[in-house]
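Being a predicted model, the structure only gives us computed values, none of them experimental. Along the sequence shown, the residues carry numbers beginning at 1.
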Amino acid sequence: MKRILILLLLAVTSQAFAQYEYPDKELCEELKKRTLAIQLLEETGDTEKNLNNALKKIFAEWDLTPVEFMGWDAIAEILDSKNTSYALLLQNDELRKDIRSREVDQYGRKVVGATDPNSNKMAFKQYYEAFTFSYYNFDLLLTTKKKEKSITSVGFANGDLSRIDYVFLYQQLSRLIQSSLNDIPTDEFYNVASNIETCKNSKLVLLRDFFSEKDVPKIDDYYEFEYELVDFESYQDVILNKAENMSYSKIIWSNQINMYEWVVVDAKSGSILSQLTFGGVKFGRNHDANDIIKSKHLKYITNKTAQKVNNKYK
């Protein structure tokens with residue numbers, strides 16, 4: 001199941017606003033009255049089975065509402081029947097298309113400048129697909145008697161998920177919903193000054209695979225605080241064990257700016273401490289996230305000006 005989102009393209013260098021939409025309190029209050037139905041993957045092999053088991057294990061801690069795990073057929077039945085007893089957490093591969101227009105003549109050739117109204121030539125507006133971006137998304141929805149209402153969504157750079165991604169998903173949803181219910185304003189939920197101090201006083205765990213071999217020696221030139229470059233196993237342990245006084249970098253998909261970006265996350269709480277726009281895409285008409293971070297961008301993690309610009313919640 002793949003849904004196609006047709007949106008205006010934001011440039012790769014656009015300033016970020018927020019990684020995930022801050023949910024409306026009224027919708028969160030309604031969520032508390034319902035059962036949360038979490039979509040499972042179709043189990044075509046051991047991979048899907050293991051991922052489903054991991055998702056079930058991590059969301060076993062969810063205590064805001066009752067939880068049920070369902071395949072797509074059961075989810076579709078809830079949607080079709082407009083059953084308002086449920087909130088839904090749906091997961092999907094997504095493809096965002098940038099559709100643009102241009103003027104062409106009757107032969108399909110691009111027209112540059114205005115067409116002479118006295119000539120026999122005719123110009124037509126032609127729509128074309130300029131770029132596509134693929135990512136993976138979890139949508140938290142409320143069913144209604146009409147159209148579903150979105151509470152928030154959490155995006156990933158791709159669908160190659162594992163337990164650490166489900167931990168991240170759980171933490172983001174929990175923090176967003178509880179903060180909204182507790183009337184925490186967005187500038188407190190994401191406080192630039194306190195986030196920067198937390199970054200400075202925690203050990204930043206960087207996955208070695210995120211950096212090119214030639215870029216690794218440059219990290220010390222750009223990041224002056226404590227950090228550790230680790231392999232995937234150590235990186236995973238920090239996240240799964242929710243290590244105290246440690247943070248980690250993660251590449252995500254932002255549903256606010258419709259672009260890949262990377263963030264720094266507090267391992268214990270899941271709080272996002274820093275956010276940076278992300279130029280790591282494979283250029284061409286079809287884009288996938290290129291899982292790489294440039295060491296020169298690390299200096300912006302604790303840069304107050306950069307973070308004030310980059311991190312604003314709607």
Side-chain angles (χ1 to χ4, degrees), residues 1-23 38-42 47-48 51-52 54-55 58 72 75 88-100 129-141 148 150-173 176 207 209-210 232 239 248-265 270 272 274-294 297 310-311 313-314:
M1 178 179 58
K2 180 169 288 194
R3 288 173 294 173
I4 308 299
L5 303 181
I6 302 177
L7 301 167
L8 292 177
L9 177 67
L10 293 178
V12 173
T13 55
S14 293
Q15 297 296 345
F17 287 94
Q19 53 275 8
Y20 302 125
E21 183 179 357
Y22 197 74
I38 299 178
Q39 180 189 352
L40 297 176
L41 299 170
E42 181 182 358
T47 298
E48 293 82 6
L51 287 172
N52 284 341
L55 187 63
I58 289 163
W72 174 247
I75 295 286
L88 304 175
L89 182 60
L90 308 183
Q91 55 176 313
N92 284 288
D93 282 307
E94 301 277 8
L95 188 65
R96 174 176 166 266
K97 287 185 177 182
D98 166 37
I99 305 299
R100 298 185 179 185
E129 183 180 301
F131 300 99
T132 66
F133 290 84
S134 60
Y135 61 101
Y136 200 83
N137 211 41
F138 282 82
D139 291 308
L140 182 60
L141 307 172
E148 294 77 36
S150 174
I151 300 174
T152 190
S153 57
V154 176
F156 295 89
N158 55 56
D160 297 328
L161 305 184
S162 65
R163 288 183 297 164
I164 60 175
D165 298 297
Y166 294 146
V167 169
F168 177 80
L169 169 67
Y170 177 91
Q171 289 176 324
Q172 299 317 305
L173 292 177
L176 287 164
L207 180 61
D209 293 343
F210 282 163
F232 182 76
I239 299 169
Y248 66 94
S249 59
K250 183 176 183 63
I251 297 171
I252 66 168
W253 171 266
S254 168
N255 286 301
Q256 293 279 52
I257 64 168
N258 295 300
M259 186 60 63
Y260 308 114
E261 64 179 6
W262 67 274
V263 294
V264 175
V265 186
I272 292 179
S274 184
Q275 174 183 336
L276 294 167
T277 49
F278 180 54
V281 295
K282 299 171 183 176
F283 288 95
R285 289 189 61 188
N286 299 309
H287 292 267
D288 296 303
N290 190 8
D291 296 336
I292 192 167
I293 293 172
K294 295 180 180 179
H297 293 159
N310 284 352
N311 296 287
Y313 274 86
K314 288 183 179 180

Note to self: Let's go through Leu173 and Leu89 carefully: what are the C-alpha distance in whole Å and the side-chain angles of both, what is the deciding distance for side-chain contact (heavy atoms from CB on, under 4.5 Å) to 0.1 Å, and is it a yes or a no?
What the structure shows: CA-CA 10 Å; Leu173 292 177; Leu89 182 60; 4.0 Å; yes
Next item on the list: Would you sort out whether Glu261 and Leu276 count as a side-chain contact (heavy atoms from CB on, under 4.5 Å), showing the intermediate values?
Entry: CA-CA 6 Å; Glu261 64 179 6; Leu276 294 167; over 6 Å; no
Margin query: Could you walk me through whether Phe232 and Ile164 satisfy the side-chain contact (heavy atoms from CB on, under 4.5 Å) test, starting with their C-alpha distance in whole Å, then the side-chain angles of each, then the deciding distance to 0.1 Å, before giving a yes or no?
Written below: CA-CA 11 Å; Phe232 182 76; Ile164 60 175; 3.9 Å; yes
Next item on the list: Kindly determine whether Val264 and Trp262 satisfy side-chain contact (heavy atoms from CB on, under 4.5 Å), including the steps that lead there.
Entry: CA-CA 7 Å; Val264 175; Trp262 67 274; 3.9 Å; yes
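Taking each heavy atom of Lys250 and Phe210 in turn, the nearest pair found is CA-CE1, 4.4 Å. Scanning both residues, Gly155 and Asn137, for their nearest heavy atoms gives CA-OD1, 3.3 Å. Considering all non-hydrogen atoms of both residues, Ser150 and Leu141 come closest at CA-CD2, 3.7 Å.
The OG1 atom of Thr47 sits 11.0 Å away from atom CG of Asn52, with the distance rounded to the nearest 0.5 Å.
Remark: of the listed residues Leu55, Ile38, Leu169, Leu51, Leu55 is the sole one forming a side chain to side chain contact (heavy atoms under 4.5 Å, CB included) with Gln91.
One N or O on the side chain of Gln172 and one on the backbone of Gly270 form a donor-acceptor pair closer than 3.5 Å. The backbone N or O of Tyr22 lies less than 3.5 Å from no partner atom in the side chain of Thr152, so there is not a single donor-acceptor pair.
Looking at residues two or more places apart in sequence or on another chain, you find a side-chain contact (heavy atoms from CB on, under 4.5 Å) between Leu88 and Ala37, Ile75, Ile78, Leu79, Tyr86, Leu90, Thr143. Glu48 meets the side chain to side chain donor-acceptor pair (under 3.5 Å) test with Thr44; sequence neighbours excluded.
Between Asp165 and Phe138 the shortest side-chain heavy-atom distance does not fall below 4.5 Å.
Under the 30°/60° scheme for interplanar angles, the aromatic rings of Phe168 and Phe156 are found to stand perpendicular.
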